2 protein chains.
Amino acid sequence: MQITLKDIARMAGVAESTVSRALNDKPGVGKETRLKILKIAKENNYRPNQLARGLAAKKTNMIAVILAEMDSPGNIEIVKSIEKAAEKRGYQIILCNTNNQEDKEESYLSLLESNQVDGAIFIGGKLVGSHLLKASFSQDNRIVLVNRLAEENFFTSVLTDYSQGLYKAVEHLLKENFKKIALVCGNRDNLVEEEKISGYKNALRDSGLEVNEELIFSTANNRQAGYNVFLEIIEGDVIPDSFISTRELTTIGLVEAIKMGGYFIPDDFAVVGYGDNILTSVIDPPLTVLGEPVEKLGKSSLEFLLELINEKMDSQQIKVLTPELIIRESSISKYN
Amino acid sequence: MQITLKDIARMAGVAESTVSRALNDKPGVGKETRLKILKIAKENNYRPNQLARGLAAKKTNMIAVILAEMDSPGNIEIVKSIEKAAEKRGYQIILCNTNNQEDKEESYLSLLESNQVDGAIFIGGKLVGSHLLKASFSQDNRIVLVNRLAEENFFTSVLTDYSQGLYKAVEHLLKENFKKIALVCGNRDNLVEEEKISGYKNALRDSGLEVNEELIFSTANNRQAGYNVFLEIIEGDVIPDSFISTRELTTIGLVEAIKMGGYFIPDDFAVVGYGDNILTSVIDPPLTVLGEPVEKLGKSSLEFLLELINEKMDSQQIKVLTPELIIRESSISKYN
DNA sequence: GCAATTTACGCAAGCGCTTGCGAAACGCTG
DNA sequence: CAGCGTTTCGCAAGCGCTTGCGTAAATTGC
């Protein structure tokens, strides 16, 4: 049997409440008593039952990180950053993978509803913009969204500035003399994809070019989808000379399809990918990418969440971080 | 305020215990009463407080998956497989990343000690073979190890048969006429690395070749380490004609270093990597690998753990799964 | 139609902890 | 040394749930 507070209290000859206060660094315990209790607890390798503690204190010091895509290296980096920040603040994270399934997003939310965690961070995901609003979470102030925007800003978000990122990417490709730039974005089931499109369009317009809607594609974030979208594109009416692909895994598939088709990058098609990670750097040729500010995304989201939990901040804040264009071989025109 | 069991009981005009039994599908509740309670609970969107439930029932239906390396795609696949299996059995997993830090392994173990989870699965990690033994976990029967073996088999393990895998890999390279095969394995802080080495040695010996210890290397599992180990190797006394690299990330770095050095794969050096995942398949050239049985590793480990938890199995079982050699370009000799 | 089962439900204790409140003990001032 | 404020500590309630046990009601058998 596990050793409990009561046991420690008995051994120390004091009340449970005193032990509790001593162990939690709370005032109201004499120095000597405290030391004695600490010693006994240590000697007996006492571990507080976190369930009981959470139940009584209505606080668990755990937060859920609900992740839509565990395959994306960028997401993993965000998680690691959250974890690092959480550790500093005395919180533990529990990672929940939803595989982009809405029902799993919902089921993991029950961790919040059932008080197992003090707050939750969503990285990506679908649910976030829609159902959630209807549900009782609409003014729940223990939720932070990463790279997702809720309608009417119901939740606090930490975002990559996709609009500006895409703007930069288009600018870069234009400067390299690519004129027909295809945009491959994610499924348009969330607001950030519209951001990407708007950045893309703005950049074209500001350069006096017109937007061809036929060059804008949406697809799921996986290798196969990226592969397929290329096949679809080269059979279309308008053949681009370059791609901006905004999801990590899609990008990989796209590049594979290009090469499989016997085309060369960047000679036949230039490619700008997304996410400065092992995948995009290892693939041949190394990809020019919009580097996601993963470190900051993670850190900021955790900090926002803690402020929300501790009621030092109102809901509905939004923080926007700028991605950086990292230029590698895949987008450098030979003719420059 | 959250709605509680008591509230439901009041609304339904029954005792809390009846509500509890109704909601948990336990016998002792009349059909009508049960239906009525279920209805009321549903209407009020009742969510049981899992902390209270866990405290009272001494069971949380959560298990911790303690992961040493979150960057490795193979590990992620294992996690996904565990998750899938867990869902079927009504368990939720919480993922804990240790980044190979022993102290974090220890701190996550407190999830077990403090009753927040019913069991734990370790994927990789250091602690597992050593400290843990000394600690009070030595006969804890709620722990399963993946790809790790505890000394004297203190824990139940699910293992890849590295010995056999390496044997196959060596055989393959020999058949392709590579004679001086270097082995790059992980840090020798755990028993499975010895398995690899023994498989490697056996295969050589069985082919009548002698083992050159200078061709056996150990390194951490990351890109940089793989890069460095190649630099070290080509400056050594014995230059190999091929590599078997048994860690995913190391392998990537190794390949990069080979290419960076102006060498060609497989012409100058053949490479057999580890793990049939996006990284090894996307890199140029696609790598021959020992495909880890990730799906089975995950599923088996979860099933073992549940059997342990439910006391249907004694501790100290071991299951060994065979990796499959997946032959791609990186190890095919031009001269065959 | 009555005793013997079975079924349905309530009571209350208890899981291990936190915390508000009051009592006791202490030190200080004048 | 009386009177005061502090500090230290114990008491007990309570967090929301589960579960063993007891009793009343429903069911069965003959």
Side-chain angles (χ1 to χ4, degrees), chain A residues 1-38 40-41 44-62 90 110-118, chain B residues 1-41 44-62 90 92 110-118:
Chain A
M1 202 48 224
Q2 276 285 65
I3 191 164
T4 73
L5 240 206
K6 195 190 236 170
D7 299 325
I8 304 291
R10 191 168 19 77
M11 296 186 214
V14 299
E16 290 182 45
S17 49
T18 306
V19 178
S20 171
R21 282 187 268 260
L23 259 28
N24 289 313
D25 264 337
K26 298 211 169 160
V29 186
K31 190 154 191 176
E32 289 199 5
T33 335
R34 167 162 282 145
L35 254 37
K36 181 175 166 197
I37 291 173
L38 256 34
I40 296 186
N44 292 279
N45 192 30
Y46 167 70
R47 306 273 172 172
N49 181 323
Q50 299 295 348
L51 296 178
R53 179 185 283 210
L55 183 61
K58 296 182 174 307
K59 180 131 177 46
T60 62
N61 278 319
M62 310 235 315
S110 71
L111 288 172
L112 243 197
E113 300 174 288
S114 66
N115 294 27
Q116 287 185 96
V117 296
D118 295 340
Chain B
M1 200 49 224
Q2 276 285 67
I3 189 163
T4 74
L5 240 205
K6 196 190 234 168
D7 299 324
I8 304 290
R10 192 167 20 73
M11 296 185 213
V14 298
E16 289 182 46
S17 49
T18 305
V19 177
S20 171
R21 281 187 268 260
L23 260 28
N24 289 311
D25 264 337
K26 299 212 170 159
V29 186
K31 191 155 190 177
E32 289 197 4
T33 336
R34 167 162 282 144
L35 255 36
K36 182 177 167 194
I37 292 173
L38 256 34
K39 184 158 163 282
I40 296 184
N44 292 279
N45 192 30
Y46 167 71
R47 306 273 173 172
N49 181 321
Q50 299 295 348
L51 297 178
R53 179 184 282 207
L55 183 59
K58 296 183 173 307
K59 179 131 180 43
T60 61
N61 279 319
M62 311 234 316
Q92 237 170 30
S110 72
L111 288 172
L112 243 196
E113 299 175 289
S114 67
N115 293 29
Q116 287 186 95
V117 297
D118 297 339

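Lettering of chains follows the sequences in order, A, B, ..., and the numbering in each one begins at 1. This one's a predicted model, so the numbers in the text were calculated from it and none came from an experiment.
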Could you please spell out the steps behind the side-chain contact (heavy atoms from CB on, under 4.5 Å) verdict for B:N49 and A:L55? CA-CA 9 Å; B:N49 181 321; A:L55 183 61; 4.1 Å; yes
For a side-chain contact (heavy atoms from CB on, under 4.5 Å) check, start with the C-alpha distance between A:V14 and A:R21, then their side-chain angles and the critical distance, and finish with the verdict. CA-CA 11 Å; A:V14 299; A:R21 282 187 268 260; over 6 Å; no
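In this structure, B:G30 reaches the sugar-phosphate backbone alone: every heavy-atom distance under 4.0 Å involves primed, P, OP1 or OP2 atoms, never a base. Contacts of A:P48 with the nucleic acid, taken as non-hydrogen atoms under 4.0 Å apart, involve only primed sugar atoms and P, OP1 or OP2. Using a 4.0 Å heavy-atom cutoff across all strands shown, B:N24 reaches sugar-phosphate atoms only and no base atom. Across all strands shown, A:E16 has heavy atoms under 4.0 Å from base atoms, whether or not it also approaches the sugar-phosphate.
Residue B:T4 places no side-chain atom within donor-acceptor reach of the base of D:dC17, judged by atom type and a 3.5 Å distance cut-off alone.
Contact check, B:R53 against D:dG16: no side-chain N or O comes under 4.0 Å of OP1 or OP2.
Between the CD1 atom in B:I40 and the CZ atom in B:R10 there is a gap of 10.5 Å [rounded to 0.5 Å]. Remark: B:R53 CZ to B:L23 CG distance equals 7.5 Å, nearest 0.5 Å. Between the CD atom in B:Q92 and the CG atom in B:D118 there is a gap of 12.0 Å [rounded to 0.5 Å]. With rounding to the nearest 0.5 Å, the separation of CG in A:L51 from CD in A:Q116 is 8.0 Å.
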Under 4.0 Å protein heavy-atom contacts per nucleotide of nucleotides 21-28 of chain D, with B for base, S for backbone only and - for none: --------
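Within 6.0 Å of NZ in A:K59 there are more than 12 heavy atoms belonging to other residues, nucleotides or ligands.
Rounded to whole Å, the distance from NZ on B:K6 to C1' on D:dC15 is 10 Å. Separating the NZ atom of B:K26 from the C1' atom of C:dC9 is a distance of 16 Å, rounded to the nearest angstrom. Atoms CG (B:N115) and C1' (C:dC15) sit 10 Å apart, rounded to a whole Å. Distance, A:L55 CG to C:dC17 P: 12 Å, rounded to whole Å. Note: NZ (A:K58) to P (C:dT19) measures 11 Å, nearest angstrom.
Where B:A52 and B:S17 meet DNA chain C, the nucleotide closest to each residue was compared, and B:S17 sits on the side nearer the 5' end.
Of the candidate nucleotides D:dC9, C:dC17, D:dC17, D:dC17 has the atom lying nearest to any side-chain atom of B:Y46. Of the candidates C:dG16, D:dT18, D:dC9, C:dG16 carries the atom nearest the A:A56 side chain, counting heavy atoms from C-beta on.
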